[in-house]
Amino acid sequence: MRARDLSSLLAEGVQGRRVLVRSDLNVPMHDGVVADDARIRASVPTLLRLTTAGARVIVVSHLGRPGGERRPALSLAPVAQALGEALGRKVAFCSDCIGPEAEAAVAGLAEGDLLLLENLRFHAGETNNDAHFARALADLADDYVNDAFGTSHRAHASTTGVVPWLERAAAGDLLLGELEHLETVLAPEHPFVCLLGGAKVSDKLGALEALTTRADVLCVGGAMAYTFLRAQGRPTGASLVEPSRVEDAHRILAAAVRAGGQLLLPVDHVVAERPAPGPYRTVREIPDGWMGVDIGPQTARAYGEACARARTIFWNGPMGIFEIDAFGAGTRAVAEAVADSPARSVVGGGDSLAAVRATGVGDRITHLSTGGGATLEYLQGLELPGLAALGRRA
Ligand code: 3PG
Ligand code: MG
């Protein structure tokens, strides 16, 4: 059965109800401070609608990968503070997500109050989707809202396990908004241009395979481009290459030819001796002892021209080591080209979003997705467990 949307749940009434909201507040932290609050701000509308309707709101999320152990550096306490600022109201925080402490905190909630519970992944039961853990979490609440689109590719206790134990389940506004925007990429207007970057072919194999046959132009950047260059027998110097993926790269290149699409690889490179600030230069062939750290200017121009002709663009993953200013020009150029294009554009993944923000072009991109891995899996047409639990599919 298909679960409700938040609007239907609100229409049926939530006043006084304890509503467990699974949000994705997995934000980058720097020295104990939230470094980027995009996911927090995106989670606010659902939470405000629930509190305004008089629900007792219990928010749960993970942060990082603590592996079932209590790791103070991955506490959600600083996120409670940032969430309070984004909501413009006080957010109570409880230092455990199940057990007597959490039960007492929930019992103390008045109508319209909001409580954030500590990192779900401090308990191994979250990622193991343990039935007892799921039950303990579900027992805190009456109803369930899943708004954690960015975590919907995980079959965890808070995204799937709790669902049968709660009276009503609904999809939140952030989650529904993501599905609406991603629909335009799943059924794109052509030309459809995809830009995929990042370190490893192995991380994005499925996305590469699926998008190769669907995109009119697939532009590959980041370190994974060097595995493709190796597959073509081109020199890669000391670049990061995954030898075990060269065969896959071969297959993907062949599939692109068969599908009649274009798979573009870098034709020039910024190379350095180390993946660290230091000497670098721009070359057409990567010399021995040097490693590619960014796409070169001619490549950036070619990828930009593809974007300019596109009607739909999807971008995930940086073109180089963009955290290092000198190796970030390719990624910045791509961010600008995506923004300048008249195409509908969707950008996903933490690094690409950081590049978009650093370039100041965010307001000229149609949709900044809160999903990284989840967005890639959705666009491959894979069933996402968190969505399936709500009766939705790609
Ligand atoms: C993400 O940032 O990709 C989501 O929050 C999921 O996190 P995970 O990859 O650690 O499961
Ligand atoms: Mg991830």
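Count residues from 1 along the sequence. The structure displayed is predicted, hence computed values, not measured ones. Every number for a ligand or one of its atoms is a count from 1 in the order of the listing.
The CG atom of Leu50 sits 12.5 Å away from the CD atom of Gln15 when rounded to the nearest 0.5 Å.
The atoms of ligand 1 that sit less than 4.0 Å from any heavy atom of Asp24 are 4 (C), 5 (O). Within ligand 1, the atoms closer than 4.0 Å to a non-hydrogen atom of Arg65 are 8 (P), 9 (O), 10 (O), numbered from 1 in the order shown. In summary, the atoms of ligand 1 found under 4.0 Å from a heavy atom of Arg154, numbered by their order in the structure, are 8 (P), 9 (O), 11 (O). For ligand 1 and Arg121, the ligand atoms under 4.0 Å from any heavy atom of the residue are 7 (O), 8 (P), 10 (O), 11 (O).
Side chain of Ser8 to main chain of Arg4: no donor-acceptor pair is present (N/O by atom type, distance under 3.5 Å, no hydrogens or angles). Between the side chain of Asp147 and the backbone N or O of Thr46, no donor-acceptor pair lies under 3.5 Å.
Looking at Arg39 against ligand 1, only its side chain comes within 4.0 Å, counting heavy atoms.
Under the 6.0 Å distance and 45° angle rule, Arg274 does not count as a cation-pi partner of Trp290.
Taking only nitrogen or oxygen atoms, main chain and side chain alike, His156 does not reach within less than 3.5 Å of ligand 1. Taking distance alone, with nitrogen or oxygen atoms compared against 3.5 Å, Asn26 approaches ligand 1 more closely than that limit.
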Ring pair (Phe, Tyr, Trp, His ring centres under 6.0 Å) assessment of Phe322 paired with Phe327: CA-CA 5 Å; Phe322 77 106; Phe327 309 155; over 10 Å; no

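Ligand 1 has Gly150 within reach: a non-hydrogen atom of the residue lies less than 4.0 Å from it.
Using a cutoff of 4.0 Å between basic side-chain nitrogens and carboxylate oxygens, Asp325 and Arg332 are scored as salt-bridged.
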